[in-house]
Amino acid sequence: MNSLWRRRSIWGGGTGSDCARIGKRRVNHAAAALLLLATAGPLTAKRAAIAMFRDWGAFSDEAPGRCFAMAAPPPGTVADPAPAYVAVTSWPNRRVRAQVSALLSHGHRRGAPVTLTIGDSGFAIVADARTAWARDRRQDAEIVAAMRSGSSMSVSTVSPRGHAYADVYRLRGAASAIDAAMLACPPGR
């Protein structure tokens with residue numbers, strides 16, 4: 001794997017309390033939790049919610065200069081209390097667009113395969129501890145293309161205790177959230 005393609009996780013870093021106006025749309029519990037997660041944390045950087053699109057949200061961080069579309073599994077589908085999320089991130093200053101990553105609800109057993117599945121398409125992705133990501137930019141593009149036409153997605157592997165599990169995500173609103181995030185962070189920003 002190219003060392004320049006080393007993944008940057010969106011899960012850490014500073015956040016702010018700015019929220020975009022959602023309007024009169026009904027926001028489901030998963031979307032509300034997603035909005036709270038994405039806007040909660042230390043006040044060292046400015047994070048803004050761009051918009052919510054059904055099960056997905058689009059967000060931007062002033063520092064470190066990134067925009068991302070993000071979703072959480074539907075409520076009640078993750079047995080472990082640890083959060084799970086999937087994101088498609090743009091880092092304009094690093095010339096990275098539409099980078100796919102996931103925070104797994106459980107860790108994964110070292111050496112166990114991690115598979116992201118959308119419809120009939122399965123992608124062998126890379127993982128370290130609880131974070132997983134596409135192998136390269138080509139796989140990122142293939143996953144995002146499949147996300148645009150799929151209805152659900154799962155990330156499956158084996159936990160450190162040897163139990164197989166899958167984090168499942170709805171893809172309703174994914175294409176719109178990805179587009180909004182990419183438009184908020186154009187190349188060369």
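Predicted model, so just to flag it, every value in this text is computed and none were measured.
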*Asks:* Would you say the side chain of I125 lies within less than 4.5 Å of the side chain of T115, judging by non-hydrogen atoms?
*Replies:* no
*Asks:* Is there a side-chain contact between L116 and M153, using heavy atoms and a 4.5 Å cut-off?
*Replies:* yes
*Asks:* Heavy atoms, side chains only, cut-off 4.5 Å: are D61 and F68 in contact?
*Replies:* yes
*Asks:* Are any side-chain N or O atoms of D55 and backbone N or O atoms of L171, one a donor and one an acceptor, separated by less than 3.5 Å?
*Replies:* no
*Asks:* With I178 as reference, evaluate V100, L183, V88 under the side chain to side chain contact (heavy atoms under 4.5 Å, CB included) test and give the passing residue.
*Replies:* V88
*Asks:* Strictly distance-based, threshold 3.5 Å: is any side-chain N or O of R130 a donor or acceptor partner for the main-chain N or O of L104?
*Replies:* yes
*Asks:* With the side chain counted from C-beta on, respond yes when T89 and M70 share a heavy-atom pair under 4.5 Å apart, and no when they do not.
*Replies:* no
*Asks:* Taking the side chain as every heavy atom from C-beta outward, state whether W56 and M147 have any pair of such atoms under 4.5 Å apart.
*Replies:* yes
*Asks:* Just so I know, are the side chains of D179 and R148 near enough to count as touching, which here means a heavy-atom distance under 4.5 Å?
*Replies:* yes
*Asks:* Any sub-3.5 Å donor-acceptor pair from Q139's side-chain atoms to W133's backbone N or O?
*Replies:* no
*Asks:* Would you find a donor on one side and an acceptor on the other, under 3.5 Å apart, between the side chain of S154 and the backbone of D167?
*Replies:* no
*Asks:* Roughly how far apart are S101 OG and I143 CD1, rounded to 0.5 Å?
*Replies:* 10.0 Å
*Asks:* Checking the side chain of R135 only, and the main-chain atoms of A124 only, is there a donor and an acceptor separated by less than 3.5 Å?
*Replies:* yes
*Asks:* Is Y165 reaching over with its side chain to a backbone N or O of S156, donor-acceptor style, under 3.5 angstrom?
*Replies:* no
*Asks:* Quick one, H163 with R109, criterion side chain to side chain contact (heavy atoms under 4.5 Å, CB included). Give me CA distance, side-chain angles, the key distance, then yes/no.
*Replies:* CA-CA 9 Å; H163 303 288; R109 179 176 276 177; over 6 Å; no
*Asks:* Which heavy-atom pair separates R97 from S90 by the least distance, and what is that distance?
*Replies:* NH1-OG, 3.4 Å
*Asks:* Between A58 and A180, which heavy-atom pair has the shortest distance, and what is it?
*Replies:* CB-CB, 3.9 Å
*Asks:* Looking only at non-hydrogen atoms, find the nearest pair between H108 and P160 and report the distance.
*Replies:* N-CD, 3.9 Å
*Asks:* Would a distance-only check, ignoring hydrogens and angles, find a side-chain to backbone donor-acceptor pair under 3.5 Å from W91 to Q99?
*Replies:* no
*Asks:* Between T157 and H106, does the side chain to side chain contact (heavy atoms under 4.5 Å, CB included) criterion hold? Intermediate values first, please.
*Replies:* CA-CA 9 Å; T157 189; H106 301 68; over 6 Å; no
